[in-house]
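Here the structure is laid out as structure tokens; the discussion comes afterwards.
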Amino acid sequence: MKKAPIQGMIEIEFPSEDIAKVVYESVIIEDRTVPYRRTKTKLELEGKKIRIEFTAEDNSALRGTLNSYLRWIKVAMDAVEL
């Protein structure tokens, strides 16, 4: 019996649309260049918010992908603050 995929979504609101755009453009590069085999993602920018939707084959894949995205967002935010 095949397991149903695990789905999740996070939405982060930034202080301004400009900051959200900088972070989005930084993270979308990673999103497009890292080949995840067990997780599919959808990244969207809406004003001051970034929404990331995940569909993973298992909990481990979801957790690993989520951790990567949160790290990339943190790095981009640290760079914006410089």
Side-chain angles (χ1 to χ4, degrees):
M1 184 169 124
K2 187 174 178 175
K3 293 181 182 179
I6 300 165
Q7 296 180 323
M9 188 267 295
I10 60 171
E11 188 173 89
I12 301 171
E13 185 170 345
F14 295 89
S16 71
E17 288 185 17
D18 290 338
I19 292 173
K21 185 176 181 185
V22 168
V23 172
Y24 173 82
E25 289 174 354
S26 299
V27 174
I28 197 73
I29 293 168
E30 299 294 341
D31 178 72
R32 292 181 178 156
T33 59
V34 178
Y36 290 105
R37 294 185 182 101
R38 297 178 3 215
T39 308
K40 291 186 182 0
T41 59
K42 180 179 177 185
L43 191 65
E44 296 178 322
L45 174 64
E46 290 183 6
K48 298 190 321 184
K49 295 180 183 180
I50 294 176
R51 178 181 302 118
I52 308 168
E53 296 177 13
F54 303 91
T55 302
E57 292 180 9
D58 54 61
N59 286 333
S60 179
L62 181 66
R63 185 182 68 246
T65 302
L66 181 59
N67 286 338
S68 293
Y69 277 79
L70 292 175
R71 243 187 334 269
W72 296 332
I73 290 167
K74 171 83 168 95
V75 168
M77 285 298 299
D78 289 347
V80 166
E81 292 174 2
L82 291 177

Original post:
So which pairs with a foot in residues 58-68 pass salt bridge (Lys or Arg N to Asp or Glu O under 4.0 Å), sequence neighbours left out?
Top reply: Arg38-Asp58

Original post:
Side chains of Leu45 and Ile28: closer than 4.5 Å at any heavy-atom pair?
Top reply: no

Original post:
Are Phe54 and Ile6 side-chain neighbours, meaning at least one heavy-atom pair lies under 4.5 Å?
Top reply: no

Original post:
With sequence neighbours left out, which residue pairs that include part of residues 3-26 fulfil the ring pair (Phe, Tyr, Trp, His ring centres under 6.0 Å) condition?
Top reply: none

Subject >> Reported CG-to-CG distance for the pair Asn67 and Leu62, which is rounded to 0.5 angstrom >> reply: 9.5 Å

Subject >> Rounded distance (nearest 0.5 Å) linking atom CG of Leu66 with atom OG1 of Thr39 >> reply: 10.0 Å

Subject >> Within residues 5-16 or reaching into it, pairs that qualify as salt bridge (Lys or Arg N to Asp or Glu O under 4.0 Å) - sequence neighbours excluded >> reply: Glu11-Lys49, Glu11-Arg51, Glu13-Lys48

Original post:
Under the criterion side-chain hydrogen bond (donor to acceptor under 3.5 Å, both in side chains), which of Asp31, Thr55, Thr65 is the partner of Thr41?
Top reply: Asp31

**OP:** Indicate, with yes or no, if Leu70 and Met77 share a hydrophobic cluster defined by side-chain heavy-atom contacts under 4.5 Å among Ile, Leu, Val, Met, Phe, Trp and Tyr.
**Re:** yes

Original post:
What pair of heavy atoms forms the shortest contact from Ile50 to Ala20, and how long is it?
Top reply: CD1-O, 3.6 Å

**OP:** Hey, could you give me the CD1/CD1 distance between Ile10 and Ile52, rounded to the nearest 0.5 Å?
**Re:** 4.0 Å

